[in-house]
Chemist: 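This is the structure I want to talk about, given as C-alpha cells.
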Amino acid sequence: MSTFKAPKGTYDLLPPDSAKFLAVREAIAAPLRGSGYGYIETPGFENVELFARGVGESTDIVTKEMYAFETKGGDRLALRPEGTASVLRAALEANLHKAGNLPVKLWYSGSYYRYERPQKGRYRHFSQVGAEAIGAEDPALDAELIILADQAYRSLGLRNFRILLNSLGDKECRPVYREALQTFLRGLDLDEDTLRRAEINPLRVLDDKRESVQKQLGGAPLLRDYLCDACKAYHEEVRELVTAAGVVFEDDPKLVRGLDYYTRTTFEFVHDGLGSQSAVGGGGRYDGLSEMIGGPALPSVGWALGVDRTVLALEAEGVELELPATTSVFAVPLGDEARRVLFAKVTELRKNGVAADFAFGGKGLKAAMKAANRSGARYALVLGERDIEQGVVQLKDMESGEQTAVGMNEIVAELESRLG
Ligand code: AMP
C-alpha cells in the first residue's frame, strides 16, 4: 500500500466493478443520443459566483458544500457542485440559443464535488449524467425528459424506483404561496436556523428530513392549492403526456428540491432500496435561471441522474448487468519465436475488431493458461515451437476445453467467424 489514500468521501472505480459504471453512463446517455441531445463538456470548475447566483445563495450546496478557492491569479473559482448552471453558462457564451433552433438540447456526463458528510450513497466526489433542454416552454419537453430517464432506468433492468412529480409554480403564483407558507412556519416551534431558513427560502423547510420538523408540517399550505391557472394547465398537460407514455408517477405536493432555480415542473427519481440517500436522480424546469446569470429569458428544463446511486440501486435489486466480455481471445506463446509471431497475430486480431490479450512477462504454460482463464476469454491461442514448424496455432475453446490446430493464415478469419 502507498502512504496515500483516496481523500475522505471519495472512492476509486476499479475493474471489474468499474465496468458497471461505464455501462450505467452509457445506458443513461443512449436514450438522449437517440432523442436529439448533443454532447457537451464544460470545465470541472467555474467562477464561484455562477453557482452562488445560479444554484442559490441560501442553499446548502452553496453555503456549506462548495469547494471554493482562490487561484494564484486572484480568481475565485469553485469545483462544480452540479451541472445545470455550467451548461447554461456555456450555451449562452457560445450563443447556441441564437442559432435559431430552440430548444437547444444537450447532455453531459462528469464528476461533481460537494463537501458533504459522507455516508453510503453520499460522497464528496460523485458522477452524474445530465440533460438540459434550453429555450422552450413546452410541457412535451418536460414530459420527454421524464420519459427518457424512465427509459434509461428500465433499460438497465431497474424496477423498484418511483417518480415523484410536483409543480413549484412560477413568478406569479409562487410569491403568494411563499407568503402563506411563511406565515404558517412562523407559528411553529422551530429552531433558530430553521426559522432563518423559513425567511430566506421557506419552501426548503418542507424538505427538512427531521421528524421533529416533519410532524409540525401536517397542516402546511400546499403549493398545488396556490397554482395560477397557467401553471395548473401546464402541469396537467405534463401529467397527461407522461401518463400517455405509460410512465407511472406519484404526485408529491411536498416535493421541493435543494436548488433555488426550479420553477413549475419538479421531479425526483427515488429508489426504495437505498436507505436515506434514496434520490437516484432529479430535475425540473428552471425558467428564471438564464436571467439570474445575466442571460436573456430562456425557459428550460433538465435533469441529472446520479451514476453512483444508480449502481447502488442495481445492486440493491440484485440486477446483474450484461457486460460485454472485455477479452475474447487470449494468446499464449511458448518461447521467444512464438512470442514474436503471436504478438503480431494479436495485433492483427485487434485491428479486425476482436478483443484480444496476450500472456506478457514470459510466463510458462501453466501460469499463462491461468491468466487466460482469469481474463474471461472465450478462446485461447497457444503457440509452441512445433506449431510454428507446422504453420499452425492451437485454438482452445475455454468453455468445452476442446483444442484444434488451425492454419496460421486462417486463424483470424476462423476466430472472426466463431465469435460472430
Ligand atoms: P441533485 O443535483 O442534488 O438533485 O443531484 C442529482 C443526483 O445526483 C442525485 O439524485 C444523486 O443521485 C446524485 N448526487 C447528488 N449528490 C450526491 C452525492 N453527494 N453523492 C452521490 N450522489 C449524489
Side-chain angles (χ1 to χ4, degrees), residues 24-40 54 82-88 90-91 96-97 101-110 112 128-156 158 161-170 231 234-252 255-259 261-271 279-290 298-307 309-310:
V24 165
R25 287 193 187 109
E26 186 48 43
I28 300 175
L32 297 168
R33 280 205 198 97
S35 310
Y37 289 76
Y39 180 66
I40 182 171
E82 60 100 47
T84 303
S86 313
V87 168
L88 189 56
L96 296 187
H97 59 295
N101 199 11
L102 296 178
V104 177
K105 301 209 289 186
L106 302 166
W107 76 273
Y108 57 88
S109 172
Y112 296 84
Q128 289 182 339
V129 176
E132 315 290 349
I134 297 164
E137 194 182 66
D138 183 341
L141 204 50
D142 308 40
E144 166 174 290
L145 279 163
I146 295 171
I147 294 164
L148 292 176
D150 181 79
Q151 196 179 322
Y153 285 141
R154 290 197 181 277
S155 77
L156 283 164
L158 270 187
F161 65 90
R162 293 179 291 131
I163 303 174
L164 310 179
L165 184 64
N166 192 21
S167 171
L168 292 180
D170 64 6
C231 283
Y234 193 97
H235 193 55
E236 207 34 57
E237 199 173 341
V238 174
R239 295 179 72 257
E240 278 168 19
L241 289 166
V242 173
T243 306
V247 173
V248 178
F249 60 87
E250 296 168 23
D251 291 305
D252 182 352
L255 178 71
V256 294
R257 300 192 12 84
L259 299 84
Y261 53 59
Y262 287 107
T263 49
R264 290 196 169 167
T265 313
T266 331
F267 49 87
E268 204 153 83
F269 292 81
V270 293
H271 193 278
V280 285
R285 186 155 270 287
Y286 48 92
D287 291 345
L289 180 58
S290 174
L298 279 176
S300 307
V301 56
W303 52 238
L305 310 187
V307 177
R309 286 188 201 164
T310 302

Chemist: Are C231 and D170 side-chain neighbours, meaning at least one heavy-atom pair lies under 4.5 Å?
Modeler: yes
Chemist: Mind checking whether I40 and E132 have side chains closer than 4.5 Å, heavy atoms only?
Modeler: no
Chemist: Indicate yes or no: at least one non-hydrogen side-chain atom of L102 is less than 4.5 angstrom from one of H97.
Modeler: yes
Chemist: Apply ring-ring contact (aromatic ring centres under 6.0 Å, His included) to Y112 and list each qualifying residue two or more places apart in sequence or on a separate chain.
Modeler: none
Chemist: What heavy-atom pair brings A149 and L305 nearest, and what distance separates the two atoms?
Modeler: CB-CD1, 4.1 Å
Chemist: Could you walk me through whether Q128 and R309 pass side chain to side chain contact (heavy atoms under 4.5 Å, CB included), step by step?
Modeler: CA-CA 9 Å; Q128 289 182 339; R309 286 188 201 164; over 6 Å; no
Chemist: Under 6.0 Å between ring centres: does that hold for F267 and F249?
Modeler: no
Chemist: Just jot down the side chain to side chain contact (heavy atoms under 4.5 Å, CB included) partners of S155, sequence neighbours excluded, or say none.
Modeler: A27
Chemist: Tell me, do V24 and L156 make a side-chain contact under 4.5 Å, heavy atoms counted?
Modeler: yes
Chemist: Assess whether side chain to side chain contact (heavy atoms under 4.5 Å, CB included) is satisfied between N166 and L168, documenting all intermediate values.
Modeler: CA-CA 7 Å; N166 192 21; L168 292 180; 4.2 Å; yes
Chemist: Apply the test ring-ring contact (aromatic ring centres under 6.0 Å, His included) to residues Y108 and Y39: give CA-CA distance (whole Å), side-chain angles for both, the deciding distance (0.1 Å), then the verdict.
Modeler: CA-CA 6 Å; Y108 57 88; Y39 180 66; 8.8 Å; no
Chemist: Kindly indicate, with the supporting measurements, whether the criterion side chain to side chain contact (heavy atoms under 4.5 Å, CB included) is fulfilled by V129 and W107.
Modeler: CA-CA 7 Å; V129 176; W107 76 273; 4.1 Å; yes
Chemist: Taking it one step at a time, do L165 and I146 satisfy side chain to side chain contact (heavy atoms under 4.5 Å, CB included)?
Modeler: CA-CA 10 Å; L165 184 64; I146 295 171; 3.9 Å; yes
Chemist: State which residues pass ring-ring contact (aromatic ring centres under 6.0 Å, His included) with Y286; sequence neighbours excluded, sorted by chain then number.
Modeler: Y261
Chemist: According to side-chain hydrogen bond (donor to acceptor under 3.5 Å, both in side chains), who are the partners of H271, at least two apart in sequence or on a separate chain?
Modeler: E317
Chemist: Which residue, V247, L32, I28, forms the side chain to side chain contact (heavy atoms under 4.5 Å, CB included) with L148?
Modeler: L32
Chemist: Looking only at heavy atoms, which two atoms of I147 and A245 are closest? And how far apart?
Modeler: CD1-CB, 3.4 Å
Chemist: Can you name the residues that form a side-chain hydrogen bond (donor to acceptor under 3.5 Å, both in side chains) with E237, not counting sequence neighbours?
Modeler: none
Chemist: Identify the heavy atoms of S35 and P31 that sit nearest to each other, and give their distance.
Modeler: OG-O, 2.6 Å
Chemist: Could you list the residues that satisfy salt bridge (charged side-chain N to carboxylate O under 4.0 Å, His left out) with R25, not counting sequence neighbours?
Modeler: none
Chemist: Is there a donor-acceptor contact under 3.5 Å from the side chain of T266 to the main chain of R264?
Modeler: yes
Chemist: Just verifying a value: how many Å separate Y262 OH and D287 CG, rounded to the nearest 0.5 Å?
Modeler: 12.0 Å
Chemist: Sequence neighbours left out, what passes salt bridge (charged side-chain N to carboxylate O under 4.0 Å, His left out) with E240? Give chain and number order.
Modeler: none
Chemist: Return the set of residues passing side-chain hydrogen bond (donor to acceptor under 3.5 Å, both in side chains) with R162 (not counting sequence neighbours), or none when no residue passes.
Modeler: E250, D272
Chemist: Measure across A85 and E82 and return the closest heavy-atom pair with its distance rounded to 0.1 Å.
Modeler: N-OE2, 2.9 Å
Chemist: Look up atom CG in L106 and atom OG1 in T84, then write down how far apart they are to the nearest 0.5 Å.
Modeler: 11.0 Å
Chemist: Look only at the side chain of S300 and the backbone of G135, and say whether a donor-acceptor pair between them is shorter than 3.5 Å.
Modeler: yes
Chemist: Please check if the side chain of Q151 supplies one atom and the backbone of R154 the other of a donor-acceptor pair under 3.5 Å.
Modeler: no
Chemist: Table please: side-chain donor-acceptor pairs of residues 137-145 below 3.5 Å, with sequence neighbours left out.
Modeler:
from : atom 1 : to   : atom 2 : distance (Å)
D138 : OD1    : A140 : N      : 2.9
D142 : OD1    : Y234 : OH     : 2.8
D142 : OD1    : R285 : NE     : 3.2
D142 : OD1    : R285 : NH2    : 2.9
D142 : OD2    : Y234 : OH     : 3.4
D142 : OD2    : T265 : OG1    : 2.7
D142 : OD2    : R285 : NE     : 2.9
E144 : OE1    : K105 : NZ     : 3.4
E144 : OE2    : Y37  : OH     : 2.6
E144 : OE2    : K105 : NZ     : 2.8

Chemist: Can you list everything that forms a side chain to side chain contact (heavy atoms under 4.5 Å, CB included) with D252? Sequence neighbours excluded, please.
Modeler: L164, K254, L255
